[in-house]
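Data block below; observations after.
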Amino acid sequence: MSESPKVITRFAPSPTGYLHVGGARTALFNWLLARNTGGQYLLRIEDTDLARSTEDATRQLVEDLSWLGLKHDNAELVYQSKRLSIYNKIIDELVSKNLAYEAWESSEELTAMRQQAERAKRSFIYRRRNYSADELKRFSDEGRKPIIRFVMPVKEYRFHDVVLGKEVAQPAQESQDFVIRKTDGMPTYHFGVVVDDAQMKISHVLRGLEHLKNTFNHIALQDALGYDRPIYAHLSVMLNPETGEKLSKRDRDRRIRKRTQEVMRSSKKSIDEMAAMSQIELPRFTDWLNIDTQQLDLTEQPRVMKAVGLKESDLPEVMVNDFRKNGYAPEVLLNFLALQGWSTGDNVEQMSVSDMVQRFSIDRLNSANPKFNRDKLRSFSTTFFTSCGPVRLMAALKDFLLANPRSPLNRATDVQLARVLEINMGFHVLSEMEEKSRFLFIEDDQIEYDVSAVEKTLIKNDKQGLIALKTVRELLASVENFTHENTKAVVEAYCVLSGLGLGKVAQPIRVAVCGTTISPPIFECIEMLGKTRTLNRIDRCTSHCETV
RNA sequence: GGCCCUGUCGUCUAGAGGCCUAGGACACUCCCCUUUCACGGGAGCGACACGGGUUCAAAUCCCGUCAGGGUCACCA
């Protein structure tokens with residue numbers, strides 16, 4: 001009896017697709033608490049919403065969680081949809097004890113009742129009502145199916161919340177007979193959670209603040225069923241820094257929409273033209289552009305993005321998978337997420353996962369809602385990648401390429417990838433270094449020249465840059481062993497001779513070789529490309545300039 | 001709107017009545033390094049939402065105002 005009970009936490013998402021960062025943080029805190037205390041962290045799939053839950057969504061969810069490294073301790077996943085008989089047995093018992101009952105109002109009738117209450121400026125509280133025999137007959141003649149409601153004892157409910165650090169109460173008059181079984185026979189969230197948490201012996205419930213009010217329902221149910229009450233901790237919600245509202249997938253569409261409107265304004269494109277460019281039918285496109293809740297689907301989104309010149313990495317990451325695709329390492333995401341609503345208390349911020357496990361404490365959780373600002377995450381990522389060592393780096397890059405199968409870097413050998421990482425040292429995220437390096441792995445004739453880069457470094461000032469480029473081309477051609485040391489020595493010698501700064505010569509080479517003014521160190525780049533391809537690209541660029 | 005929660009630099013936060021002239025990190029500004037973009041080094045700007053109390057003493061406790069958020073489903 002004296003031995004302290006084991007900590008058992010859980011993450012209980014409903015499978016609606018890829019994992020949201022908010023969910024990831026909830027999972028993380030539950031996982032950290034379990035790891036820190038030597039307890040268990042369990043994963044349960046709340047798939048009682050038949051319309052929305054799919055196997056595919058569950059697969060994606062589990063994939064994201066495993067990418068993050070938040071491994072659950074239950075060998076078999078718990079699916080609520082597979083536990084119907086358990087719920088039904090308990091519900092039937094409640095009904096037989098008169099602690100729950102059948103209610104026959106349809107959803108339409110209920111909304112009508114709610115609207116009526118709203119008009120009368122009352123809050124709508126459902127309490128049990130009796131049906132006459134005639135009514136009941138009519139309902140069953142109509143083919144109606146009843147829902148089951150729990151008789152919530154009318155009294156004040158209170159519980160202690162660890163994050164708030166105090167008791168929270170709900171006044172008696174807000175007690176309401178909430179639904180525990182739906183017409184389709186599935187239990188509601190409230191019922192499923194209470195039963196499962198009890199049966200899984202969950203000791204600590206760490207969940208989003210949006211569940212705070214639900215907790216009163218849950219403790220009422222626990223009392224009726226004779227269950228122990230777990231320790232509750234309601235986590236703050238992460239906010240979109242631009243809107244100040246709950247972080248949402250829609251934020252990505254908002255960014256695209258905003259950009260589309262900007263493009264339409266600046267280039268004076270009509271809505272018909274924009275729709276055509278995006279290959280989307282006009283009515284659909286108009287709807288999306290004007291209605292904030294409308295979202296583009298997976299095929300439409302890339303087309304609109306292309307039409308308005310947006311890259312994947314320009315969109316705000318919201319789902320865990322977005323972070324993966326943009327080239328963040330999971331441990332960095334976890335580190336940053338942990339700091340949204342939790343702190344070590346001693347100026348330590350950048351931590352390994354095991355540091356976090358060691359330092360985690362449930363009573364250092366914050367109650368204010370943080371704005372999710374990605375700048376700091378980006379900075380954490382930079383320090384991580386510059387210090388994690390070549391093995392971890394390579395693994396991260398391989399994972400990134402797996403998530404980005406269309407990247408030209410997929411054509412590189414391991415040796416080349418290692419070299420690319422080396423010469424890019426100091427990059428923020430893998431997508432950034434990928435964008436900067438992809439020119440190394442595409443065909444010479446696929447290089448696209450940036451108009452302003454060509455103008456600025458080659459054409460401007462009587463084609464000085466172009467002239468230098470032509471001279472340097474011959475010098476490079478004469479280099480026997482095409483190493484970066486050798487090419488650099490040749491070019492530097494030319495600079496001394498001609499009195500030009502290195503930049504005046506290096507930039508034209510850069511533009512010739514990669515098409516833009518931005519690249520990893522240029523001599524390392526041309527070494528990777530080799531002499532033939534380097535000269536080839538310079539020649540192609542030279543003739544491109546003649547045509548300008 | 002009802003109910004509930006929350007307010008410290010632009011952002012994430014440290015702060016448990018005197019250790020606070022309020023600390024750190026990111027961002028920002030300037031300088032240095034530099035063949036571009038970055039990385040790195042150095043310096044700087046910058047907050048207790050407001051108003052009342054309580055107290056010898058308040059960022060910290062109390063009240064009010066204001067602001068923000070959550071929630072009001074047969075969705076979880």
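The sequence lines fix the lettering, A, B, ..., with proteins before strands; numbering per chain opens at 1.
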(message) What I want to check is whether an N or O donor and acceptor connect the side chain of A:E245 with the base of B:G69 at under 3.5 Å.
(response) no
(message) Does B:A76 have OP1 or OP2 under 4.0 Å away from a side-chain N or O of A:K182?
(response) yes
(request) Assess whether one donor atom and one acceptor atom, taken from the side chain of A:K371 and the base of B:C12, lie less than 3.5 Å apart. (result) no
(request) Evaluate the criterion side chain to side chain contact (heavy atoms under 4.5 Å, CB included) for residue pair A:N373 and A:K371; output intermediate values, then yes/no. (result) CA-CA 6 Å; A:N373 184 333; A:K371 292 201 178 94; 5.6 Å; no
(message) Below the 4.0 Å mark, does B:U36 have OP1 or OP2 next to a side-chain nitrogen or oxygen of A:T516?
(response) no
(request) Please state whether the phosphate of B:U35, meaning OP1 or OP2, lies under 4.0 angstrom from any side-chain nitrogen or oxygen of A:R510. (result) no
(request) Would you mind telling me which of B:A76, B:C74, B:U13 lies closest to the side-chain atoms of A:I147? (result) B:C74
(request) Look at the side-chain N and O atoms of A:T386 and state whether any lies under 4.0 Å from the OP1 or OP2 oxygen of B:C39. (result) no
(request) Output the distance between atom CD (A:Q60) and atom OH (A:Y18), rounded to the nearest 0.5 Å. (result) 4.0 Å
(message) Taking pairing as Watson-Crick or G-U wobble with both contacts under 3.5 Å, can you name the mate of B:A16, or confirm there isn't one?
(response) none
(message) Nearest 0.5 angstrom please: A:D56 CG to A:T16 OG1, how far?
(response) 12.0 Å
(request) Round to a whole Å and report the spacing from CG of A:L502 to P of B:U36. (result) 8 Å
(request) Please say whether more than 12 non-hydrogen atoms of neighbouring residues, nucleotides or ligands are located less than 6.0 Å from NZ in A:K456. (result) no
(message) For B:C30, give the paired nucleotide (Watson-Crick: N1-N3 plus N6-O4 or O6-N4; G-U: N1-O2 and O6-N3; both under 3.5 Å), or none.
(response) B:G42
(request) Identify the nucleotide, in any strand shown, that forms a Watson-Crick or G-U wobble pair with B:U21, with both distances under 3.5 Å; if there is none, say none. (result) none
(request) Could you please name the partner base of B:C37, counting Watson-Crick and G-U wobble pairs only when both distances are under 3.5 Å? (result) none
(message) Tell me the interatomic distance from A:E242, atom CD, to B:G69, atom P, rounded to whole angstroms.
(response) 15 Å
(request) Please tell me which of A:K166 and A:V237 maps to the more 5' nucleotide of RNA chain B, matching each residue to the nucleotide holding its nearest heavy atom. (result) A:K166
(message) Please name the nucleotide paired to B:G2 by Watson-Crick or G-U wobble geometry with both distances under 3.5 Å, or report none.
(response) B:U71
(message) My understanding is that a pair needs two contacts under 3.5 Å, Watson-Crick or G-U wobble. By that rule, which nucleotide pairs with B:G7?
(response) B:C66
(request) Please determine if a side-chain N or O atom of A:K456 lies less than 4.0 Å away from the OP1 or OP2 oxygen of B:U36. (result) no
(message) Tell me whether the side-chain N/O atoms of A:R149 come closer than 4.0 Å to OP1 or OP2 in B:A73.
(response) no
(request) State whether A:D346 and A:R359 are salt-bridged, where the test is any N-O pair (Lys NZ or Arg NE/NH1/NH2 against Asp/Glu carboxylate O) under 4.0 Å. (result) yes
(message) Counting only heavy atoms not in A:E109 (residues, nucleotides, ligands), do more than 12 fall under 6.0 Å from its CD?
(response) yes
(request) Can you figure out which of B:U35, B:G40, B:G69 approaches the side chain of A:K488 most closely? (result) B:U35
(message) Below the 4.0 Å mark, does B:G15 have OP1 or OP2 next to a side-chain nitrogen or oxygen of A:R364?
(response) yes
(request) Compare side-chain N and O positions of A:H234 against OP1 and OP2 of B:C5 and report whether any pair is under 4.0 Å apart. (result) no
(message) So if I take every side-chain heavy atom of A:K376 and compare against B:G40, B:C12, B:C37, which nucleotide ends up nearest?
(response) B:C12
(message) For A:N424 and A:V168, find the nucleotide of RNA chain B closest to each by heavy atoms; which residue's nucleotide sits nearer the 5' end?
(response) A:V168
(request) If B:A59 has a Watson-Crick or G-U wobble mate with both distances under 3.5 Å, name it; if not, just say none. (result) none
